[in-house]
Engineer: 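Take a look at this one; I'll ask things after.
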Amino acid sequence: MKLRIAPSPTGELHIGNARTALFNWLYARNNNGKFLVRIDDTDTERSTPEYEKNIIDNLSWLGIDWDEGYEIDSSNTYKQSDRFTRYEEVANNLLNEGIAYEDDGAIRFKVEKNNVISFKDYVRGDMEFSTNDIEDFVILRTDKTPTYHLASTVDDIDYEITIVARGEDILSSTPKHIMLMEALNAKIPDFCHLPLLFGPDGKKLSKRHGDTSVASFKEKGILPEAMFNYMSILGWSPGNDLEIFNKDFAISNFDLKNVLGNPAIFDTKKLLWMNGQYIRSFKKETFHELAFKTIEESLSRSLFAEEIKRIEVILPEVQERIETLNDLIGQVGFLLDEPFVVNDVEWNDVNSENAQLYLMNIRKRFKEMEDFNLKNIEEMMRAELKKQNIKPKEGFQATRVAITGTKISPPLFESIFALGLSPTIARLAEKIENL
RNA sequence: GGCCCCGUCGUCCAGAGGCCUAGGACGCUGGGUUUUCAACCCAGAAACGCCGGUUCGAAUCCGGUCGGGGCUGCCA
């Protein structure tokens, strides 16, 4: 058994193609079959090496690997642009056999009328197409480059693909491919036409839906595990209402024949939720490693030892509340050796006479504090609240903005503890007007 | 227009004739917890497009209809 994905490098890898690749891969892995990646770059006008790299990199990022194809075998690039002579030769043979004919310099496949092409589709069942509805189609362009129909078909034959699983948009072209294969005396593979992914407007996902590339989700701080998991439950489910599962589970339960026939709308909200679930599920060490890497990347520098120490204190709190990796920097920013700025608007919101007095009092107590630890911080700050007879919100929110710069931060006592005693005293002083 | 595919809560999925007064998840609403934001817990609203037929019985089978989508390129 051999399956394949054949992306065209005319754009970044988008989630629709990624999902098709994923389903092919899952089925191959489930059956101990082979998975092949080739590059369908017959559209030389729009294909670029950058897109090619983007597609390969993002496939790998998702954890999809392949046994044959792109950069596996030094004797074959598995790029259609390197096989143009092969396709031209096939087209000429068909021409000589009278199966195809020349038309204004191009070569057209002659479709025999009053015929029925039938095949069994894994998800659609028995399919029948009348050849009366199919026009003679171009297989070789005037410039001698092959069309998709020719190149794809020849490759599927040459690379001995046994199951062609692709998007439903190609369902109507399948009879053309079968006719070509028959004309070439090739064994007809099985076909499986996967439902398309739609945008929120119910239309085939495309550029106009904004960022639909896998790369854009990576940039948004989505984890490959979450992306993989979410894509796999679009059009398929392992049953038992299970939604969160790992790669191995997906492989052992996946079956192309259980894929739904109806299209699915890609819901970013649920992806985001799932991403949060994955973040929460990580072991502490795994999350720390990932967090530091992410923070350093967004800072474009390495972290200092002191910064790492401070961040480590707050990380368990952060792990519980972020949705994407990109939310990290906003949570730990106040612990970095970067210019500390307090949001003026928010400060004005929380500043008050009571707040001023409270800040003054706790600062004094911090200066006297001998054992700076979480328990002592909390006890002292609550005691001062009581002494002053003000609500937690009034004292704590002012402290929060003074210490972290904003009204939204990790839990206050932990934040103070992570920041350290003297920076805390200094930041409080900054916001006390009559000091 | 022609050909083809699809049709269960807003969204994703469960349901393969009685277990369905239709289940789970996201989102949403309300509540709990609470120093913020989250996380977490509880509760709630929310769907079988419609019409026929088969059957003792249909979300499940059949037909029609309506709706959505895809293809109809010397794009893929």
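We use all heavy atoms of the structure for the numbers below, so side chains are in, but hydrogens, waters and symmetry mates are not. Every chain is numbered from 1 and lettered A, B, ... according to where its sequence line falls, protein lines coming before strand lines.
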Engineer: Is there a side-chain polar atom (N or O) of T42(A) under 4.0 Å from OP1 or OP2 of A76(B)?
Structural biologist: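 Yes.
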
Engineer: Using heavy-atom distances to pick each residue's nearest nucleotide on RNA chain B, tell me which of Y148(A) and L171(A) is more 5'.
Structural biologist: L171(A)

Engineer: Answer yes or no: is there a side-chain heavy-atom contact under 4.5 Å between R108(A) and E102(A)?
Structural biologist: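 They are not in contact (no side-chain heavy atoms under 4.5 Å apart), so the answer is no.
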
Engineer: Do R321(A) side-chain and C37(B) base share a donor-acceptor contact under 3.5 Å?
Structural biologist: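 Between C37(B) and R321(A), which were checked side chain against base, a qualifying N/O pair under 3.5 Å is present.
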
Engineer: Identify the nucleotide, in any strand shown, that forms a Watson-Crick or G-U wobble pair with C26(B), with both distances under 3.5 Å; if there is none, say none.
Structural biologist: G10(B)

Engineer: For the residue pair S8(A) and D40(A), confirm or rule out a side-chain donor-acceptor distance under 3.5 Å.
Structural biologist: no

Engineer: Measuring to OP1 and OP2 of C40(B), would you say a side-chain N or O of Q277(A) lies under 4.0 angstrom away?
Structural biologist: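 Q277(A) to C40(B) OP1/OP2: side-chain N or O found under 4.0 Å.
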
Engineer: Only one of E52(A), R38(A), K79(A) passes side-chain hydrogen bond (donor to acceptor under 3.5 Å, both in side chains) with Y70(A); say which it is.
Structural biologist: E52(A)

Engineer: Work out how far the P atom of G44(B) is from that of G1(B), and round it to whole angstrom.
Structural biologist: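 Between the two P atoms, the distance is 47 Å.
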
Engineer: Test for a donor-acceptor pair under 3.5 Å between the base of G7(B) and the side chain of N262(A), counting only N and O atoms.
Structural biologist: no

Engineer: Using side-chain contact (heavy atoms from CB on, under 4.5 Å) as the criterion, point out the one residue from I377(A), N376(A), N373(A) that pairs with F413(A).
Structural biologist: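 The residue from I377(A), N376(A), N373(A) that satisfies side-chain contact (heavy atoms from CB on, under 4.5 Å) with F413(A) turns out to be I377(A).
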
Engineer: Give a yes/no answer on whether the side chain of S237(A) brings an N or O atom under 4.0 Å of OP1 or OP2 in A14(B).
Structural biologist: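 Checking A14(B) against S237(A), a side-chain N or O does come within under 4.0 Å of OP1 or OP2.
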
Engineer: Given atom CG of L412(A) and atom P of A38(B), what is their separation to the nearest angstrom?
Structural biologist: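 L412(A) atom CG is separated from A38(B) atom P by 17 Å.
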
Engineer: Any side-chain N or O of R46(A) under 4.0 Å from OP1/OP2 of A76(B)?
Structural biologist: no

Engineer: Can you tell me if K270(A) touches the phosphate of C12(B), counting only side-chain N or O atoms and a distance under 4.0 Å to OP1 or OP2?
Structural biologist: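 Checking K270(A) against C12(B): no side-chain N or O falls below 4.0 Å of OP1 or OP2.
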
Engineer: Please tell me which of D126(A) and L140(A) maps to the more 5' nucleotide of RNA chain B, matching each residue to the nucleotide holding its nearest heavy atom.
Structural biologist: D126(A)

Engineer: For A76(B), take OP1 and OP2 only and decide whether either is under 4.0 Å from a side-chain N or O of R166(A).
Structural biologist: no

Engineer: Any N or O donor-acceptor pair linking the side chain of S173(A) to the base of C71(B) at under 3.5 Å?
Structural biologist: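 Flag unset: no donor-acceptor pair detected.
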
